[in-house]
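One structure is given below, encoded as structure tokens.
None of the values given here were measured: they were computed from a predicted structure. To find a chain, count down the sequence lines: A is the first, B the second, and so on, and within it residues start at 1. Excluded from the calculations below are hydrogen atoms, water molecules and symmetry mates; all remaining heavy atoms, backbone and side chain alike, are included.
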2 protein chains.
Amino acid sequence: MVKIQKQDTTEQKILGAAKSVFLEKGMAGARMQDIADKAGINKALLHYYFKSKEKLFEMIFKEASALFFSKINGIIDADIPLFDKIENFCSAYIDMLLQNPYLPLSVLNEATKQPQRFKQKLWKNREQIFIKFAHEIASETQKRKIKSIDPAHLFMNMISMCIFPFIARPVWMISTGMDENEFRAFVEERKKTIPQFIIESLNK
Amino acid sequence: MVKIQKQDTTEQKILGAAKSVFLEKGMAGARMQDIADKAGINKALLHYYFKSKEKLFEMIFKEASALFFSKINGIIDADIPLFDKIENFCSAYIDMLLQNPYLPLSVLNEATKQPQRFKQKLWKNREQIFIKFAHEIASETQKRKIKSIDPAHLFMNMISMCIFPFIARPVWMISTGMDENEFRAFVEERKKTIPQFIIESLNK
DNA sequence: ATATAGTTTAACCAAATGGTTAAAACAAAG
DNA sequence: CTTTGTTTTAACCATTTGGTTAAACTATAT
């Protein structure tokens with residue numbers, strides 16, 4: 001008989017627990033004991049599966065940043081009209097972030113605190129993210145289909161508006177009085193309002 | 001004779017060192033020894049001036065978040081035309097961030113990791129930041145001067161585009177190949193491109 | 001000169017934390 | 001039943017780190 005009841009193997013439980021603890025507390029703030037507790041096991045077993053905090057963190061972080069960057073390339077590289085691309089990107093990226101709200105803060109944090117390590121370990125074969133996007137903008141501008149705009153700024157604007165709300169979430173919630181559901185609804189709305197906002201600005 | 005050569009008192013040196021260490025490493029990652037070293041003193045003297053890490057951190061963090069929020073209210077509350085207000089805000093806020101590049105990540109980080117503490121200690125008498133702004137938008141919309149837009153989204157868009165580049169700086173620099181100066185120039189440009197972008201989108 | 005506040009040195013303490021170890025318990029497969 | 005890999009228990013270790021202490025030194029003001 002194959003394993004049926006255990007949907008989660010111990011390793012998966014550990015990885016899940018590690019992800020949530022690391023993403024919430026960061027490398028420095030995370031405690032191995034907390035991870036063990038959250039996984040429902042003990043510290044000995046935790047080290048039985050993963051040699052060190054470093055190794056475990058690296059594993060989680062690699063996965064996290066892959067998630068953080070992968071969606072971008074996929075959609076930006078698609079072969080569809082510019083405006084559709086913008087709409088798709090915002091919608092898909094926000095969807096991903098809704099499922100991983102702590103992702104941006106965590107990834108950008110570690111990239112800030114350990115820039116050299118980040119560059120070495122996570123930026124090996126990654127190409128310029130928005131080269132193709134830049135060309136496309138240039139082309140559309142030349143064809144006089146949209147107003148002239150520096151692609152770097154446009155790209156930065158787009159990802160800023162998508163990502164930042166998740167980074168500023170607690171402050172935004174406190175300062176607007178939103179609760180979890182209202183915030184979720186607010187960000188859900190942004191899947192449409194951001195593309196709208198961008199396209200209004202680009203349209204001649 | 002009054003003290004002349006010492007522009008910085010020891011207390012100021014400590015506060016300066018603490019600010020830079022805390023903002024770069026966060027509460028959990030900061031080391032008292034590092035702060036002492038950076039201030040050019042020893043740990044004993046550090047504790048002679050500030051009882052505990054907690055106290056020192058609170059001091060720095062209170063000042064940091066005051067800086068982070070104060071500019072916003074000031075400009076948003078000014079009594080000038082909407083578009084001027086947007087231009088002023090972006091320009092002044094980005095200027096402030098250029099002088100405190102680690103501020104946003106640090107403040108938002110601690111707000112995320114200790115939301116309750118943040119709310120208690122730092123959000124006592126602070127009012128809704130953008131109430132007045134919202135009214136203004138509503139009024140302009142009604143007067144048919146600008147396109148209809150939800151003020152919350154507009155406000156979020158604006159602060160996102162201003163703040164996010166500083167949070168994503170290391171990743172952005174790596175992925176675009178910019179160096180310090182180029183990044184500075186890029187953000188400097190944004191003082192104009194962001195208001196442009198927003199106003200193009202709002203104009204009927 | 002002497003008292004006072006600032007500063008250094010260096011040793012020290014207690015707690016937290018990452019990591020180890022060894023023995024025992026357990027479960028499943030051959 | 002025995003073997004094998006997994007899991008627990010619980011003690012333990014080494015290091016880091018926040019924080020303390022006491023004695024000595026320095027400069028300045030009275």
Side-chain angles (χ1 to χ4, degrees), chain A residues 1-62 64 106 109-110 113-114 117 121, chain B residues 1-62 64 106 109-110 113-114 117 121:
Chain A
M1 207 186 250
V2 214
K3 42 189 169 184
I4 272 185
Q5 292 166 319
K6 278 210 169 188
Q7 300 133 321
D8 280 359
T9 143
T10 301
E11 195 172 337
Q12 287 173 322
K13 280 195 295 185
I14 293 176
L15 286 171
K19 182 176 173 184
S20 96
V21 173
F22 276 130
L23 291 203
E24 274 186 56
K25 307 281 180 173
M27 169 66 174
R31 293 292 101 97
M32 290 300 266
Q33 190 60 62
D34 293 348
I35 295 174
D37 289 349
K38 202 156 220 168
I41 60 165
N42 50 45
K43 220 174 42 163
L45 192 59
L46 180 55
H47 281 93
Y48 176 79
Y49 275 89
F50 297 89
K51 264 201 297 218
S52 70
K53 191 184 181 183
E54 277 277 320
K55 291 269 178 200
L56 185 52
F57 177 74
E58 222 161 82
M59 207 154 226
I60 299 298
F61 192 59
K62 217 168 247 174
S106 176
N109 236 322
E110 298 299 330
K113 275 162 196 162
Q114 318 247 359
R117 196 170 96 165
K121 303 218 163 180
Chain B
M1 208 188 250
V2 214
K3 41 189 169 185
I4 272 185
Q5 291 167 320
K6 280 210 169 185
Q7 300 134 322
D8 279 1
T9 143
T10 300
E11 195 173 338
Q12 287 173 322
K13 281 195 295 184
I14 294 176
L15 286 171
K19 183 176 172 184
S20 96
V21 174
F22 275 131
L23 292 203
E24 274 186 55
K25 307 282 180 172
M27 169 65 175
R31 294 291 102 97
M32 291 300 266
Q33 190 61 60
D34 293 348
I35 296 174
D37 289 349
K38 202 157 220 165
I41 59 165
N42 50 45
K43 220 173 43 164
L45 191 60
L46 180 56
H47 280 94
Y48 176 79
Y49 275 89
F50 297 90
K51 265 203 296 224
S52 70
K53 191 184 180 183
E54 278 276 321
K55 291 272 178 197
L56 185 53
F57 177 74
E58 223 162 81
M59 209 153 223
I60 299 299
F61 192 60
K62 216 168 244 173
S106 176
N109 235 323
E110 298 299 329
K113 276 162 196 163
Q114 317 247 359
R117 196 170 95 166
K121 301 217 163 181

Query raised in the report: Using rotation axes that map the C1' atoms of four end pairs onto the next four (five pairs an end), what angle separates the end axes of the helix from C:dA1-D:dT30 to C:dG30-D:dC1, to 10°?
Result: 0°

Report task. Could you state the atom-to-atom distance from CD1 of A:Ile14 to C1' of D:dT7 in whole Å? Result -> 11 Å

Query raised in the report: How close or far is atom P of C:dT21 from atom CG of A:Asn42, stated in whole angstroms?
Result: 16 Å

Report summary line: The side chain to side chain donor-acceptor pair (under 3.5 Å) partners of A:Lys25 (sequence neighbours excluded) come to none

Query raised in the report: Which heavy atom in B:Phe61 sits nearest to a heavy atom in B:Ser106, and how many Å separate them?
Result: CE1-O, 4.0 Å

Requested in this report: Identify the two heavy atoms, one from B:Asn42 and one from B:Ala36, that lie closest to each other, and give their separation to 0.1 Å.
Outcome: C-CB, 3.8 Å

Report summary line: Taking every heavy atom of A:Ile35 against every heavy atom of A:Ala17, the minimum-distance pair comes out as O-CB, 3.5 Å

Query - Pairwise salt bridge (charged side-chain N to carboxylate O under 4.0 Å, His left out) hits with a residue in residues 27-54 of chain A, at least two apart - result: A:Glu54-A:Arg117

Query raised in the report: Within the pair A:Tyr48 and D:dT6, is there a side-chain N or O less than 4.0 Å away from OP1 or OP2?
Result: yes

Query - Pairs touching residues 23-52 of chain B that satisfy ring-ring contact (aromatic ring centres under 6.0 Å, His included), sequence neighbours left out - result: none

Query raised in the report: Taking all atoms of both residues into account, what is the closest heavy-atom pair of A:Met59 and A:Leu15, and its distance?
Result: SD-CD2, 4.3 Å

Query raised in the report: Reckon B:Tyr49 has a side-chain N or O less than 4.0 Å from the OP1 or OP2 of C:dT7?
Result: yes

Query raised in the report: Using a cut-off of 4.0 Å on non-hydrogen atoms, how would the nucleic acid contact of A:Phe50 be classed: base, sugar-phosphate, or nothing?
Result: nothing

**Report entry** Distance, rounded to the nearest Å, where A:Ile35 contributes CD1 and C:dT17 contributes P
**Finding:** 12 Å

Report task. Quick one, give me the B/S/- string for nucleotides 15-20 of chain D, reading 5' to 3', where B means a protein heavy atom under 4.0 Å from the base and S means that only happens at the primed atoms, P, OP1 or OP2. Result -> --SBBB

Report summary line: When rounded to whole Å, the CG to P distance for the pair B:Leu46 and C:dT9 reads 15 Å

Query raised in the report: With respect to the side chain of B:Leu45, which nucleotide from D:dG5, C:dT8, C:dA5 is positioned closest?
Result: C:dT8

Query raised in the report: Among all residues two or more places apart in sequence or in another chain, which pass the salt bridge (Lys or Arg N to Asp or Glu O under 4.0 Å) test with B:Glu58?
Result: B:Lys121

Report task. Please lay out, stage by stage, how B:Phe57 and B:Glu110 fare under the test side-chain contact (heavy atoms from CB on, under 4.5 Å). Result -> CA-CA 11 Å; B:Phe57 177 74; B:Glu110 298 299 329; 3.6 Å; yes

